[in-house]
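Written out below as structure tokens is the structure these notes cover.
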Protein chains: 2
Amino acid sequence: MHNAFEEIAGGKRSLHVQVAREIARKILSGEVAQNEIIPGEMILCGQFKVSRTSLREAIKLLTSKGLLESKPKVGTRVTSRENWNFLDSQLLDWLTGIGDNNAVYRDFLSLRNALEPEAAALAAENATAEQRILLSATFQQMDYISKNFDLERWTEADMEFHRLIFLSTGNSFYLPLANVLCTMFKSFIAHSSIKGSTCIGEHRAIYSAIMAGDANKARQANVELLSKSKRRLPSTE
Amino acid sequence: MHNAFEEIAGGKRSLHVQVAREIARKILSGEVAQNEIIPGEMILCGQFKVSRTSLREAIKLLTSKGLLESKPKVGTRVTSRENWNFLDSQLLDWLTGIGDNNAVYRDFLSLRNALEPEAAALAAENATAEQRILLSATFQQMDYISKNFDLERWTEADMEFHRLIFLSTGNSFYLPLANVLCTMFKSFIAHSSIKGSTCIGEHRAIYSAIMAGDANKARQANVELLSKSKRRLPSTE
DNA sequence: GTCGCCCTATTTGTATTACTATTAAGTGAC
DNA sequence: GTCACTTAATAGTAATACAAATAGGGCGAC
């Protein structure tokens, strides 16, 4: 009962996640400085009105994301920024609305810039038959949607398309990155005013190259797609 | 007492990590299949001789790495491989000695291929004065070490050099990747027989380009370094 | 007086237990 | 036969008790 209520109210999942989110936002926003030692557990327990266990779980969660670091007798300190794992969906989620969103978006594009062309090339070489079928289906859907345009469905299909490319690389390390990019994708279409041009032509070029197994062509096509994305970047240049 | 003993014996850190490692290896090695439901908590508790809490923490840890997924009443199931977060140091650690190490190394090189040239280019554009000083110091050290060669110290410096490049990009998303690559680096120099040629010339080229702020040159130099690395890949081609 | 060792208090880390919410499945009524 | 309600099983949450580690201070010896 109260659970359902709070869920719609504040996005509550569980106590410790709630607490973790609170602390994370303080850290990410700079309200508590890097390398600063946060108050002892007992104090925080009182502050958040939660049991020590819950607070400890929250701290543990943040530690696993690289935001905090605990040592006996000295306390828990905020780590320096270079240790923060920005490739974490939850962290990314917490980030929305605090930092400079355009800067984050630029960083996001940079990452896509590095990864996607290479992923497309690898996919062209390594995609399995099954993956090619999936990719084919998804592209056809994109093609269809691009005709009678529907932003939401387009975004969905677009994301799936790029995700499939990452999965098709056959490279273990690209798999988690696919999820990361998807999360950012969602995060940015939700919070920024980038209304998508469909780029169906560029997508077709990538698609065709992958299906043909032409790695270089796939890479090149993806570079072109990204350069088009860059041109419609909101505020920079 | 018994703690210290077990620590030297099996590299034990804590109970749940030990259990998690055990389960993770079963999953990663394929001993338990993807999408398979693992036995209920009580059964596993008996099997591992640990309390329910410890086991739950282990499961939670694995869940956070994307290996498991729990649902009430149905149990805990192994997720499909595409959800496994291979960009996790601990997971990478657990991976050593089970999969095809050469395949993983190839994947690792692919990732470097995508990321490092772009990172070098970004670093050339965005490195702060302080970061340039650090980079300079590290390179000089590399230069020195390359003369009277010492594998261990050289590896250390090499890693630091590439890490600094990632940090100097000023891109939030490259920061965690720096750590990931370092972990893999360590993992591979420890478990593979790649005796390094120093590549001091290529490193100098990258270094100079970054210091000069020439992004394209930095990118190109890094591509060349990687192509050299590729040539001394153990078993492939 | 200073150096070094040990003791203690504080803070994190670990484990056991008890309780709550969720949900699939089985049972009964309409 | 279908739908709803109850029930049992399992995961999730929280509180408590216990253990280990360490920094800092105090005490003693040189």
Side-chain angles (χ1 to χ4, degrees), chain A residues 1-23 32 35-79 90, chain B residues 1-23 32 35-79 90:
Chain A
M1 339 209 85
H2 74 289
N3 231 345
F5 166 67
E6 293 183 51
E7 199 157 340
I8 54 167
K12 168 183 180 174
R13 279 183 275 269
S14 64
L15 245 187
H16 70 266
V17 174
Q18 211 174 239
V19 174
R21 182 178 183 276
E22 207 71 26
I23 299 175
V32 326
N35 294 66
E36 187 177 313
I37 291 189
I38 67 176
E41 290 186 337
M42 290 320 190
I43 299 168
L44 287 174
C45 281
Q47 201 168 318
F48 287 107
K49 303 277 204 318
V50 295
S51 74
R52 194 179 156 234
T53 315
S54 306
L55 191 121
R56 283 192 54 68
E57 277 198 61
I59 287 178
K60 203 166 161 189
L61 186 65
L62 295 176
T63 303
S64 80
K65 298 190 189 313
L67 292 176
L68 294 177
E69 194 177 38
S70 294
K71 256 178 44 182
K73 187 65 183 176
V74 297
T76 302
R77 79 165 62 238
V78 178
T79 59
Q90 214 169 12
Chain B
M1 336 212 88
H2 73 288
N3 229 347
F5 166 68
E6 293 183 49
E7 198 157 341
I8 55 166
K12 168 184 181 174
R13 277 183 278 268
S14 63
L15 246 187
H16 69 269
V17 174
Q18 211 174 241
V19 173
R21 182 177 184 278
E22 207 70 26
I23 299 175
V32 326
N35 295 67
E36 186 177 315
I37 290 189
I38 66 176
E41 290 188 336
M42 290 321 191
I43 298 167
L44 287 174
C45 281
Q47 200 168 318
F48 286 107
K49 303 277 204 321
V50 295
S51 74
R52 194 179 155 237
T53 314
S54 306
L55 190 123
R56 282 190 53 66
E57 277 198 60
I59 287 178
K60 202 165 160 190
L61 186 65
L62 295 175
T63 303
S64 80
K65 298 190 191 312
L67 293 176
L68 294 177
E69 196 177 36
S70 294
K71 255 176 46 181
K73 188 65 185 177
V74 297
T76 301
R77 79 164 64 237
V78 179
T79 59
Q90 214 169 13

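In what follows, chains carry the letters A, B, and so on, assigned in the order in which the sequence lines appear, proteins first and then strands, with residues in each chain numbered from 1.
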Side-chain donor-acceptor pairs under 3.5 Å in residues 56-64 of chain B, sequence neighbours left out?
residue	atom	partner	partner atom	Å
B:R56	NH1	B:E41	OE2	2.8
B:E57	OE1	A:K60	NZ	2.1
B:K60	NZ	A:E57	OE1	2.1
B:T63	OG1	B:I59	O	2.7
B:S64	OG	B:L61	O	2.7

Inset, instruction - May I ask you to decide if B:G66's main-chain N or O and B:T79's side chain share a donor-acceptor pair within less than 3.5 Å? - result: yes
Legend entry - Side-chain N or O of B:S51 closer than 4.0 Å to phosphate OP1/OP2 of C:dA15: no
Legend entry - Closest non-hydrogen atom pair between A:S54 and A:H16, with its separation: O-CB, 3.3 Å
Inset, instruction - Take nucleotides 7-13 of chain C nucleotide by nucleotide from the 5' end and write B, S or -, depending on whether a protein heavy atom sits under 4.0 Å from the base, only from the sugar-phosphate, or from neither. - result: ---BSBB
Inset, instruction - Starting at atom NZ of A:K60, determine the distance to atom C1' of C:dA15, rounded to an integer number of angstrom. - result: 11 Å
Inset, instruction - Report the distance from atom CG of A:L61 to atom P of D:dG12, rounded to the nearest whole Å. - result: 14 Å
Inset, instruction - Quickly work out the B:L55 CG to C:dT16 P distance and round it to whole Å. - result: 11 Å
Inset, instruction - Check whether any side-chain heavy atom of A:V78 sits under 4.5 Å from a side-chain heavy atom of A:L68, and report yes or no. - result: yes
Inset, instruction - Could you state the atom-to-atom distance from CG of B:L44 to C1' of D:dT10 in whole Å? - result: 13 Å
Inset, instruction - Kindly say if B:S54 contacts the phosphate of C:dA15, meaning a side-chain N or O under 4.0 Å from OP1 or OP2. - result: yes
Inset, instruction - Please tell me if the side chains of B:V17 and B:Q90 come closer than 4.5 Å, counting only heavy atoms from C-beta onward. - result: yes
Legend entry - Minimal non-hydrogen separation, B:I37 against B:V74, with atom names: CD1-O, 3.6 Å
Legend entry - Integer-rounded Å distance: D:dT22 P and A:I37 CD1: 15 Å
Inset, instruction - To the nearest Å, give me how far apart NE2 (A:H16) and P (D:dG12) are. - result: 10 Å
